[in-house]
Amino acid sequence: MKTPEGATSAAYVDTMLWLFVGLYIVLGTGSIIVLIRMFKKNPVERELEDHAIERGER
Amino acid sequence: MDLAIIGVSVLWLFLFGYIIIASIDFGAGFFSAYSEIANTKHVLHHIIQRYLSPVWEVTNVFLVFFFVGMVGFFPSAAFYYGTVLLVPVSISIVLLAIRGSYYAFQTYGAKDSKFYVLLYGVAGLLIPASLSIVLTISEGGFVEMVGENPVLLYKELFFSPLTWSIVILSVVSVLYISATFLTAYADVAEDFKAREILRKYSLAWSGPTILSAGLIIWQLRQHNELHFANIMDIWWVFALSGVFFAITVLFLWRRKYYSLAFWSLIIQFGLAFFGYGVSHYPYLLYPYLTIYDGFTNDAMAQALIIAFIAGFALLVPSILLLARLFLFNRTYVKGEEQRRY
């Protein structure tokens, strides 16, 4: 069996490809925005400081 | 008993597990979104937020098991359905991804976006609707063989009354299962205000559920006589299911035994679901495919059955453990324990 022989005979494969491309674009930008916001709201320095306090180093 | 029947029964059991747990999750998401519009957020928000959690993504394990089992046990079913279901299942997967991303974005995200909550709620109803298309297609009449390849007849599918009755049943029963569960859940949490509202939802959706189920049986009479005749042969299963439906409604109506009402609901859906499955036997796809066509070899079938039963034995206790550890943990439900972050 070669790849072309195993490929689906279903219609609209290309449409579905674009659908998933769209999904990944949306999820990708969403993740980037959320991550940036998360780090802006709670910078690494503050996080480290909090942990230091928690451990009783200060 | 032959392996094909055991195989299909195990798969059906997984699908049933998925339907119940996923319904609760989907419906809870919808009610949460709905409470934003209906101004009941202050009452319902607490109890639903306690329930809704990323942990429930485990429900998808049931679905994955089902698909893997389908390909393993019935390779030719994978060929037929794999070709035919490309579009419907792709849509379901996109919706599942949108819904899943809500958890991540909402938990770690910056602000409450109303639009996203609504999208999330509506996706929860569209997922069962799009997945239910599989059941419609399995009744036959929507797949045509062109040469060697099955082709889905989109127009027939879209304009068939059967399609829409099954879609309605899937959406309505999601709301009914979920509302009944959340009623029982609110009762355990002793959140009586929320319980009253959820009880109302549950009673409101009980009628449409049973009506649409009846509608489907009536539609099948025109669409697939053989299946209809098989259903009539085991009519007592469906009658018994109706009895348990009445018990659930009675308990809810009289404001008693909320947990028992939910168990009775599970029995109701279980009887109907397995009655439907048995009457569908031996066809996987009318009229092209039965469970004996292209069944996998015996060694593979035995290995799969063992693996699946072991999987089930692992999955069910872990879900029960999850439920005990935090879902039905009194301090957790009442929200007395503080969130750490």
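First the proteins, then the strands, lettered A, B, ... as listed; each starts at 1. The analysis underlying the following values was restricted to heavy atoms, covering all of them including side chains, and did not include hydrogens, waters or symmetry mates.
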Output side-chain donor-acceptor pairs under 3.5 Å for residues 121-130 of chain B, partner residues at least two apart or in another chain, one line each.
unit_1, atom_1, unit_2, atom_2, d
B:S130, OG, B:S92, OG, 2.8
B:S130, OG, B:L126, O, 3.2
B:S130, OG, B:I127, O, 3.0

CG of A:L23 to CD1 of B:I98: how many Å apart, nearest 0.5 Å? 6.5 Å
Relative to chain A, which of B:I91, B:L86, B:V146 shows the most heavy atom pairs under 4.5 Å? B:L86
Which of B:L152, B:V94, B:V151 touches chain A most, by non-hydrogen pairs under 4.5 Å: B:V94
Is it the side chain or the backbone of [X] that comes within 4.5 Å of chain B heavy atoms, both, or neither?
X: A:V26; answer: neither
X: A:S31; answer: both
X: A:T8; answer: side chain

Could you tell me which non-hydrogen atom of B:V87 sits nearest to which non-hydrogen atom of A:A11, and how far apart they are? CG2-O, 4.4 Å
Tell me if the [atom1] atom of [X] is crowded by more than 12 foreign heavy atoms within 6.0 Å.
X: B:Y34; atom1: OH; answer: no
X: A:Y12; atom1: OH; answer: no
X: B:Y292; atom1: OH; answer: yes
X: A:Y24; atom1: OH; answer: no

Chain A contact via B:F79 - side chain, backbone, both or neither, heavy atoms under 4.5 Å: neither
